[in-house]
4 protein chains.
Amino acid sequence: MALMTRDDYIASLGRMKKRAFIMGQEVESLVDHPLVRPSLDACAMTYELAQQPAYADPMLAASSLTGQQVNRFTHLHQDTADLIAKVKMLRLLGQMTGCCFQRCVGMDACNALDSVTCEMDQSLGTAYHARFRQYLKHVQEHDLVVDGAMTDAKGDRRLKPSQQADPDLFVHIVDKRPDGILVRGAKLHQTGALNAHEIVVMPTQTLSEEDQDYAVAFAIPADAQGVIMVCGRQPSDTRKLEGGPIDVGNRQFGSHEAVIILEDVFVPWERVFMAGEYAFSGLLVERFAGYHRQSYGGCKTGMGDVVIGAAQSLAQYQGTDKAAHIRDKIVEMIHLNETMYACGIACSAEGKATASGTYLIDLMLANVCKLNVTRFPYEIARLAQDIAGGLLVTLPSEKDLTHPEVGPYLEKYLHSVEQYTTEERCRMLRLMENLTLGPGAAAYLVESMHGAGSPQAQRIMLARLADLEGKMRLARRLAGIKD
Amino acid sequence: MALMTRDDYIASLGRMKKRAFIMGQEVESLVDHPLVRPSLDACAMTYELAQQPAYADPMLAASSLTGQQVNRFTHLHQDTADLIAKVKMLRLLGQMTGCCFQRCVGMDACNALDSVTCEMDQSLGTAYHARFRQYLKHVQEHDLVVDGAMTDAKGDRRLKPSQQADPDLFVHIVDKRPDGILVRGAKLHQTGALNAHEIVVMPTQTLSEEDQDYAVAFAIPADAQGVIMVCGRQPSDTRKLEGGPIDVGNRQFGSHEAVIILEDVFVPWERVFMAGEYAFSGLLVERFAGYHRQSYGGCKTGMGDVVIGAAQSLAQYQGTDKAAHIRDKIVEMIHLNETMYACGIACSAEGKATASGTYLIDLMLANVCKLNVTRFPYEIARLAQDIAGGLLVTLPSEKDLTHPEVGPYLEKYLHSVEQYTTEERCRMLRLMENLTLGPGAAAYLVESMHGAGSPQAQRIMLARLADLEGKMRLARRLAGIKD
Amino acid sequence: MALMTRDDYIASLGRMKKRAFIMGQEVESLVDHPLVRPSLDACAMTYELAQQPAYADPMLAASSLTGQQVNRFTHLHQDTADLIAKVKMLRLLGQMTGCCFQRCVGMDACNALDSVTCEMDQSLGTAYHARFRQYLKHVQEHDLVVDGAMTDAKGDRRLKPSQQADPDLFVHIVDKRPDGILVRGAKLHQTGALNAHEIVVMPTQTLSEEDQDYAVAFAIPADAQGVIMVCGRQPSDTRKLEGGPIDVGNRQFGSHEAVIILEDVFVPWERVFMAGEYAFSGLLVERFAGYHRQSYGGCKTGMGDVVIGAAQSLAQYQGTDKAAHIRDKIVEMIHLNETMYACGIACSAEGKATASGTYLIDLMLANVCKLNVTRFPYEIARLAQDIAGGLLVTLPSEKDLTHPEVGPYLEKYLHSVEQYTTEERCRMLRLMENLTLGPGAAAYLVESMHGAGSPQAQRIMLARLADLEGKMRLARRLAGIKD
Amino acid sequence: MALMTRDDYIASLGRMKKRAFIMGQEVESLVDHPLVRPSLDACAMTYELAQQPAYADPMLAASSLTGQQVNRFTHLHQDTADLIAKVKMLRLLGQMTGCCFQRCVGMDACNALDSVTCEMDQSLGTAYHARFRQYLKHVQEHDLVVDGAMTDAKGDRRLKPSQQADPDLFVHIVDKRPDGILVRGAKLHQTGALNAHEIVVMPTQTLSEEDQDYAVAFAIPADAQGVIMVCGRQPSDTRKLEGGPIDVGNRQFGSHEAVIILEDVFVPWERVFMAGEYAFSGLLVERFAGYHRQSYGGCKTGMGDVVIGAAQSLAQYQGTDKAAHIRDKIVEMIHLNETMYACGIACSAEGKATASGTYLIDLMLANVCKLNVTRFPYEIARLAQDIAGGLLVTLPSEKDLTHPEVGPYLEKYLHSVEQYTTEERCRMLRLMENLTLGPGAAAYLVESMHGAGSPQAQRIMLARLADLEGKMRLARRLAGIKD
């Protein structure tokens, strides 16, 4: 059976031997660490919902490899309905967790590798595709979380990999052996790395011949020898250590990013999917980025639903929900949120089959989707802070709320519309703080900006994909200019 | 055979006996009038492309009523593929004409009437649906242009129809007879009215019981007794009367809007599709507006392609196309244009079948589409004017360009990059002027703002369609607030 | 006496012997030409208001050269109060004319030349300053309209003047003689050229040594031998030829731009203010542009007041003025308009004396002012069109309104709120059309974009003037980074 | 001598007996508390700079009350130069601290009270003005920090003070005695309350007769009997408790807000400046808000300078500073920042004397200023996050950077452009995190939104202050409509 329960998932992670550091300490039991657990719970939601019949659509799919029912996060998209279902699944999970649930990167990496290895084999006579499908079958059968690792350290942004002072600033092959390759380097911003079973590594940019050792893609267990993870900080991260139910904002969920250091990690050939074929590095980046830019039309609109719901709740609690300007701001938030969603749906509906049969989203529209995602959540958050009021950043600690002397004062003075309690108001303010200035903002804002490539990366794609010559032809024809 | 040629279409219009006034004159031969002909040519393009095999997809469809191949403009959408094809057809025509081609309003009216008459019959026991389908079969078989007439004169916007000082400010039934009804009133902003064979009239807003006489929908021949059309003016409209090839901007195409006055027009019962069922007036408005808000994700992006092409052409002609800021503005224009398109595609892909089998777009996303259309063409036009340069409004007349004394000076001083002629530059500037400040701007800007309802109408729909209660529930759950 | 009456001004123009072409015809009497007269009336308003005691402040100033009271348009700014008064004068005239009144360019040119000739003399030992002041005294004493001519034809934008295929694409000295210089070339976009007594010519960009013949500044009478003017077209310009009172939109006022061709024009030395001093060309451009970027914080906000007033009027006439969303849009328009004004005031208040004693605006803030002017009028116009409704581009001709048969129908169906007449509504719609899509839009939109330099020119100045190094130092200090 | 040194200021605070709670604990020594000290250091900067001759302008002013040199924060503005100097002082302090330095609220409160008490006395025959001036002399002579307390708890926003379930939700007089009044209630969002010597309390909104007990203004020592302060939380506030030099972001400075509870506090009559004169409550609110809306054109642009400097630094460190899109974003940030500054300067330059002689800013332009401040810092922050890159929220802890095992890896992999150290990069990233997502964002974003009134408050003022009737008259005149 290809589906794992939530508890089995957490247990399976508990059995792994990852080396991970958080705030200067190596962590023994990651699944219990209070800075990690909320992100684990978020990722676990991808298992939990898959078990619930009400969410079978969109959570499950019939595997194109085995025919078995699998979690859609491990599925290869077989048609535009699959692509659309993916967006809906991500929106659903964004709604349920209010944060990044971390499992889409691996899904996007696997779908990209599927078509690229196929086309690479067709073009170069290599044999990566079958190998990759074998690997993916393993992922599907064990219902694994795969971390898709793309962003390298990059060093000086003006220099190519081999021009850098330190050759390791991009992940590269340091040795090719009969049984596999040895790789070194680091991948940054690895969302959910601590919660993954597997890491699929890809190159971070289009490479040329002199950088062929950097043209490498492969899969390793997340606790492979030589892998070290260092967890990054987020705004207000240590609220999770305080233990209270209110100031943390999002009661249960969160996310994390980690630096993954690959210190001469060995990868057996059956897990190697690119090793020197630099001419296909750009295609792999473009496909992965394309899928991932589609993703944000789902997950970020799900988070947006939560932000809108929190804003509307605060307006209700404070007695402002009927004011025309508040209603108008809520409508604007909805509009922006649904525009992003529309872009996610559109690039899916316009998807096409690749050579491997796996469906690819429309690249132009996926890039348009992501470019909107680098803007609209910021405006939604701004409007939400407008509605929330200044208390968002002046609310005393929950310890003050329950303090014997000042607690009653705060209860008295922070109470607003009669039918809502002061605590409700405080909880909702803290959720809003989390989403727009706290750990949630790391996912909702900064990740919206930089995840799947910074906005300039999307703009470059738009310039490439737009048929400017064709548009000029249209204009000339109407102006009566002969070609 | 259900398809008419371009020439037959024009001939068929020539045979009609419409009463129409333009600039204070009653017009004898509309098809030859220089202020009307460009719009006729634009509408005729919907016939011309339908005859070309290269455009069979998306121009043609198999009729759900007869099985025959029909022009998609007369088709009832049978699935999401049909809805998507509609958007692509409209984008294509926007690209080919650079203006409004006028035929989508009737298509949208017919699709809306199809499902609403069906549901009305089911609910009220009326018998409009079969009657309407009979009528539509006639339209399909003769490949007719249908004007969809919704916007009433409205008088004082604060008052309901029956509260107005003059009862005729909304179209209403003035008499019910055994053989039909007598109607009076006027419809404003009727795009392409002069080029239509048929007029389908619908109510303009949700009505209540006291306004039941205003709940009326019907079809009439565009030259029915009692119908008078008065053509509206557009910016720089009389350039079309000057006769030259350059200053007119768009060499061949244009559009027009007319006031349609219905002075006690008789409508036989077989052409009446609503007569008093006020409870269904709102649904009809909502459906028609929904379809028409989807339409703008097609036609306006087609016009946007032309604007972008014209801007890029001018940059080339003037030697600025490689400047980083110009490239960035072109990318921004593409991004905004494709965002509108994405919304058009998305609301189509998320379409659902109605009771009559006809597919309806996703209303939320269609409203989101239109709301973006009230903004982005303006910003695209602004960027286009930035790229075009000030000559856009300071270029001398084409009569100066060919004047024996000053012509050579202008040729000398307006010449820019060597491989392009001064005339090319001037033609392209005039096209841009047409699109952003001239007759094209009436369609590209003001119609984008007000067509299918002004932005506030979309905002009201967004507020209605957004499940705010559900979003608040999501927020409460994450904040740990019990329901 | 240094002040001329409105009538004397018009008479003085009538006595000039300009050679001017409009729409392929050489014009005999410019002051009576219906395409020119509205712009003459607008310019004449600068004389008319100066005669009215109520407007003495800001219209008049005490000349720093003669002590006499002069029209502020001929004045050298002596302090920040003068700079602020200038902005207020321009706003006032924008309000009174609803268009470009054309006289500020010469004022800005003269103020720029005053300080630059002074500094040039100090640096190079030339003797231009006294000569220029002598000239300006003449301008003040005769209360002349001066056209400031900067923008050259430019040819291929990628090439310097001397690199162009045709050496005349920038105005240059073709001969230096004992008594003066001979110049050739053309100046584009010359606002109000037909209404000017004088033309002050300046170089269009920073020049280097090989382009020293292009470093030329001088003054000529507008009807000097060899000067030919070709009037440019504007959107809907020929409405002025139709003769009716309504469709023209702005009843009395308008503006025009012309191409000025200088065909070997002779300039005596006493009217030459730069002749080869290329090192000061950039400074002259920067100062003139700076003053002119300040100007737009005045005149365009004056036009903005009219646009806002027209929008509010239409809302009243149509019964929508109390709707929350309409009120909110009006507030937004006010906000954007006043932001531009604030920038105009601020760069004036922060002005400083130059070496000649003449005050210069703060260049950073003046560029900020203009950059906002390239954006906000577009958004104000968009909001105005939102409020105006679709009738803006579908309203029939005034000839239809008075037609015996259809006139009464239009009167009936276009009537809205009881206390306002249909004609009032139509007039106001036409004014709005004029301002946002017609001749007024040439001034309110395209000139806002490109006048005083296109937005990229302002951005380059911002990058130059911002003390980025200083800002980085602030950041490093707070981050605890040692320099 | 009216000027205190930085050290004396801190010592003077140390001698106060305030009751204050932070995170559930009553604090003994506020000046040493690590969550308070950064804000104290920021406020102390207003003393430190006043001692440095280089900053005498703008930090010092000659008191209009005593003729003595006083800190400008205690000064009554005597002319527009004073108003402009105030804006420059605030920008300077924003640049030096990168946070809110808390002392402007009291300055704005005192300037507002000065003119309002004067006009109230003139109108009602009261005697508040002399009393207030006496008090202000005391403030000037002792160079005190005054907290200006306006925002009440407000309860249900739909209800007036006396309609609330709890009468204390707005501060009110509970008893009038021969020697003074007894007041009860709470003031929220009190910036810098813990660092103030004095609290000046004002009503929060326009009041009507039934709420006259709420029309109360007075001054109390910040440690008066019955005053309790509860410090609010900020994003990432506890970074200050961690003790390291990097993760805190802003090495030395910060701010705080507190809830001030007034539990039956006694105020002697000589410190009461309004007690029942409800008709002047609105004027006081309007004036205070006006001054404070001006303030934000200073302090927030100073913070903006730091954000821009940090963004440019990160671009340099990462090797992207020469990329066209990065330069363009920096220019945009500068433009937005300077637009806010321009509004601050403009409302100052247009200031006018009030009846008391104290200068008031132009209210329209001050409201325009603040309304821009509710938008532009958000966009500046968004662009800054774009430039900063994703590391902003994925950077590991400084404890990892120095960890013996993973530290060297991070040093290796986070190193970018050669001449900058990894530590510099990390410090700058943390500063940017502080400013856009941490404690600095509380001041730079949320306070920009809500401080001095939320945006809707400014919009209401704009609607009130705009002469819409006058603008309509302009439009009618140009359209040829008779009044």
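Any value given below was found using the heavy atoms of this structure, including those in side chains, with hydrogens, waters and symmetry copies removed. Numbers restart at 1 for each chain; the letters A, B, ... are given by sequence-line order, proteins then strands.
Considering every non-hydrogen atom in both C:V446 and B:Q385, the closest pair reads CG2-OE1, 3.5 Å. Across all non-hydrogen atoms, the minimal contact from B:G24 to C:D400 is N-OD1, 2.6 Å. B:H415 and C:L169 make their closest contact through O-CD2, 4.3 Å (heavy atoms, listed as atom of the first residue, atom of the second, distance). Closest heavy-atom contact between C:H189 and B:L391: CE1-N, 3.3 Å. For the pair B:G155 and C:S416, the tightest heavy-atom approach, listed with the atom from each and the gap, is O-OG, 2.7 Å.
Only the side chain of C:D237 comes within less than 4.5 Å of a heavy atom of chain B; its backbone N, CA, C and O stay farther away. For a residue to count as touching a neighbouring chain, one of its non-hydrogen atoms must lie under 4.5 Å from one of that chain's; by this rule C:L410 touches chain B with the side chain only. At a 4.5 Å heavy-atom cutoff, the contact between C:V230 and chain B is made by backbone and side-chain atoms alike. Heavy atoms closer than 4.5 Å to chain C are found in both the backbone and the side chain of B:K412. Interface remark: C:R459 contributes no atoms to any contact with chain B (heavy atom separation under 4.5 Å). Using a 4.5 Å cut-off between heavy atoms, C:E405 contacts chain B through its side chain alone, with no backbone atom that close. With a threshold of 4.5 angstrom between heavy atoms, C:A186 approaches chain B through its backbone and through its side chain.
No other option in C:T402, C:L401, C:T374 has as many heavy-atom pairs under 4.5 Å with chain B as C:T374. Of all the listed residues (C:H256, C:E242, C:E26), the one sharing the greatest number of non-hydrogen pairs under 4.5 Å with chain B is C:E242. When each of C:R157, C:K399, C:Q234, C:Q456 is checked for heavy-atom pairs under 4.5 Å with chain B, C:Q456 comes out on top. Ranking C:E263, C:Q164, C:Q25 against chain B, the residue ahead of the rest is C:E263, based on heavy-atom pairs under 4.5 Å. Ranked by heavy-atom pairs under 4.5 Å with chain B, the first of C:H403, C:E398, C:E257 is C:H403. Interface check for chain B: of the options C:A443, C:G389, C:S454, C:A388, the most heavy-atom pairs under 4.5 Å are formed by C:G389. For the options B:L414, B:L392, B:L445, B:D247, heavy-atom pairs under 4.5 Å to chain C are most numerous at B:D247.
Within residues 429-439 of chain C, the residues having any heavy atom under 4.5 Å from a heavy atom of chain B are, by residue number, C:R430, C:E433, C:T436, C:L437.
Counting non-hydrogen atoms of neighbouring residues, nucleotides and ligands closer than 6.0 angstrom, the CZ atom of C:R327 reaches no more than 12 such neighbours. Counting non-hydrogen atoms of other residues, nucleotides and ligands closer than 6.0 Å to CD of B:E418 gives a total of 12 or fewer.
Residues that satisfy the ring-ring contact (aromatic ring centres under 6.0 Å, His included) test with C:Y378, not counting sequence neighbours, are absent from this structure. With sequence neighbours excluded, the residues satisfying salt bridge (charged side-chain N to carboxylate O under 4.0 Å, His left out) with B:E379 are B:R382.
Contact annotation: the side chain of C:Q318 never approaches that of B:D156 to less than 4.5 Å [non-hydrogen atoms, C-beta and beyond]. Within the 4.5 Å cutoff, the side chain of B:Y413 has no heavy atoms near those of the C:D166 side chain. Put simply, the side chain of C:V393 does not reach to within 4.5 Å of the side chain of B:E447, judged on heavy atoms. At a threshold of 4.5 Å between non-hydrogen side-chain atoms, the residues C:P235 and B:P235 do not count as touching. With a 4.5 Å cut-off on side-chain heavy atoms, C:I228 and B:Y409 count as touching. Within the 4.5 Å cutoff, no side-chain heavy atoms of C:R233 are placed close to those of B:L395. Within the 4.5 Å cutoff, side-chain heavy atoms of B:V417 are placed close to those of C:R158. Counting heavy atoms from C-beta outward, C:L188 and B:T394 have side chains that stay 4.5 Å or more apart.
Separation of atoms CZ (B:R239) and OG (C:S236) is listed at 7.5 Å; rounding is to 0.5 Å.
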Considering only distance and modelled atom types, tabulate donor-acceptor pairs under 3.5 Å from the side chains of residues 319-326 of chain B, sequence neighbours left out.
residue : atom : partner : partner atom : Å
B:T320  : OG1  : B:A315  : O            : 3.4
B:H325  : ND1  : B:K329  : NZ           : 2.9

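Side-chain N or O atoms of C:S397 include none that pairs as donor or acceptor with a backbone N or O of B:M23 at under 3.5 Å.
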